[in-house]
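Naming convention: chains lettered A, B, ... in sequence-line order (proteins, then strands); numbering from 1 in each chain.
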Number of protein chains: 2
Amino acid sequence: MQGQTGTKVNLDKLDFQIIQEMMGNAEISYADLGKKLFVSGGTIHVRIKKLEEAGIVRGTKLNVDIKQLGYDVIAFIGIFLEKSSLYDTVAKELKKIPEIVRLNYTTGNYSMFAEIICKNIQQLRFVLHDELQKIKGIERTETFISLEESFIRDVRVTKASE
Amino acid sequence: MQGQTGTKVNLDKLDFQIIQEMMGNAEISYADLGKKLFVSGGTIHVRIKKLEEAGIVRGTKLNVDIKQLGYDVIAFIGIFLEKSSLYDTVAKELKKIPEIVRLNYTTGNYSMFAEIICKNIQQLRFVLHDELQKIKGIERTETFISLEESFIRDVRVTKASE
DNA sequence: ATTGAAAGAGTCTCAGT
DNA sequence: ACTGAGACTCTTTCAAT
């Protein structure tokens, strides 16, 4: 099991380097990335194919500045449930609200933790008051509106041995 | 200012459709996306170029299943500061910790809100105890470990008028 | 603004090492 | 496994509408 990192395939340093590089910029050509990592473009291609087949790489996503699209409000919501057994049914209801972009079941103070993206405070208020409060099983919520995003970045990936 | 959505360029329904589609899958060819949206591949190209020049589209990112790379622990950290004026200096220190992938300055209970990705609980414990507690200005922290990610998705983008 | 076609660049396959 | 070259596909440019 040496060198294993929670997956079935064996990944070496080059695989991690490719992932790290392309997490930030997936548009770089295989030839250019190969030059940067001192292998041929063909090798990059083979590695990425392996990573896709293993399900580690799931494709690429457009990186969009949603503020410029009019989405000015990001907030985090701590959710208290009446009973923690209600998790699945409440999660199902929360998924119906498109403004909620992420939901985690967490340890600690709150039962669940959500992230919400809205165009403005009015829309946030509507979701919190008119939609969330109607869901059976939610005892109460605490909202943390983001006044500033200091940074958001990708995790620095390394082999287990490093 | 009609039709404006927080940016300088005017975006129509097609622009939003392109963004929505490619936020989920940036690998689709212009020809195929054009077919889906009933325009030519050339039109898709022109629109994306416009969006890039406006800074709305910032490129593409590889979508990676980090659990398979051995990163099993996601946690959220609510941070209490001794004085809220310490925000900038504390943010600078937090940015030095690569496991912290996101930091927001927030309203409500906490001064700041961080997200952290670690390989295991031991590494999380190390960051929380050995690294965070050493930063001057942090009064205390509350940690919420994610036991399950119910869902994570892109925001549904629409024009202001819709 | 949109289109379609030609030129240029990148991906993918495969035989050789 | 890695490489490099050829086949193929996609992006990019541009003249016409």
Ignoring hydrogens and geometry, is there a side-chain-to-backbone donor-acceptor pair from [X] to [Y] under 3.5 Å?
X: A:Asp130; Y: A:Val127; answer: no
X: A:Arg153; Y: B:Ile100; answer: yes
X: A:Gln68; Y: B:Gly55; answer: yes

Rounded off to whole Å, could you give me the [atom1]-to-[atom2] distance for the [X] and [N] pair?
X: A:Ile18; N: D:dC2; atom1: CD1; atom2: P; value: 9 Å
X: A:Lys50; N: C:dT13; atom1: NZ; atom2: C1'; value: 19 Å
X: B:Asn25; N: D:dC10; atom1: CG; atom2: P; value: 13 Å
X: A:Phe38; N: D:dT3; atom1: CZ; atom2: P; value: 13 Å
X: B:Ile44; N: D:dT9; atom1: CD1; atom2: C1'; value: 18 Å
X: A:Ile48; N: D:dA1; atom1: CD1; atom2: P; value: 17 Å
X: A:Ile28; N: C:dT11; atom1: CD1; atom2: C1'; value: 15 Å
X: B:Glu27; N: D:dT11; atom1: CD; atom2: C1'; value: 15 Å

Please determine whether a side-chain nitrogen or oxygen atom of [X] lies at a distance below 4.0 Å from atom OP1 or OP2 of [N].
X: B:Thr43; N: C:dT3; result: yes
X: B:His45; N: D:dT12; result: yes
X: A:Arg47; N: D:dA1; result: no
X: A:Lys49; N: C:dT11; result: no

(Q) Within the supplied structure, the quantity of interest is the number of heavy atoms (other residues, nucleotides, ligands) at a distance under 6.0 Å from B:Arg156 CZ; does it exceed 12? (A)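 Atom CZ in B:Arg156 is not packed in, count stays at 12 or less.
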Q.
Tell me which one of A:Phe76, A:Phe80, A:Tyr105 satisfies ring pair (Phe, Tyr, Trp, His ring centres under 6.0 Å) with A:Tyr110.
A.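 For A:Tyr110, the ring pair (Phe, Tyr, Trp, His ring centres under 6.0 Å) check succeeds only for A:Phe80.
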Q. When all nucleic acid strands are considered with a 4.0 Å heavy-atom cut-off, which category describes B:Val46: base, sugar-phosphate, or nothing?
A.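 Result for B:Val46 = nothing.
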Q) Looking at the side chain of A:Ser40, which of D:dT11, D:dG4, C:dC12 is the nearest nucleotide? A)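 For A:Ser40, the side-chain atoms sit closest to D:dG4.
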Q | Of the listed nucleotides D:dT12, D:dA1, D:dT3, the one nearest the side chain of B:Tyr30 | A |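 Looking only at side-chain atoms, B:Tyr30 lies closest to D:dT12.
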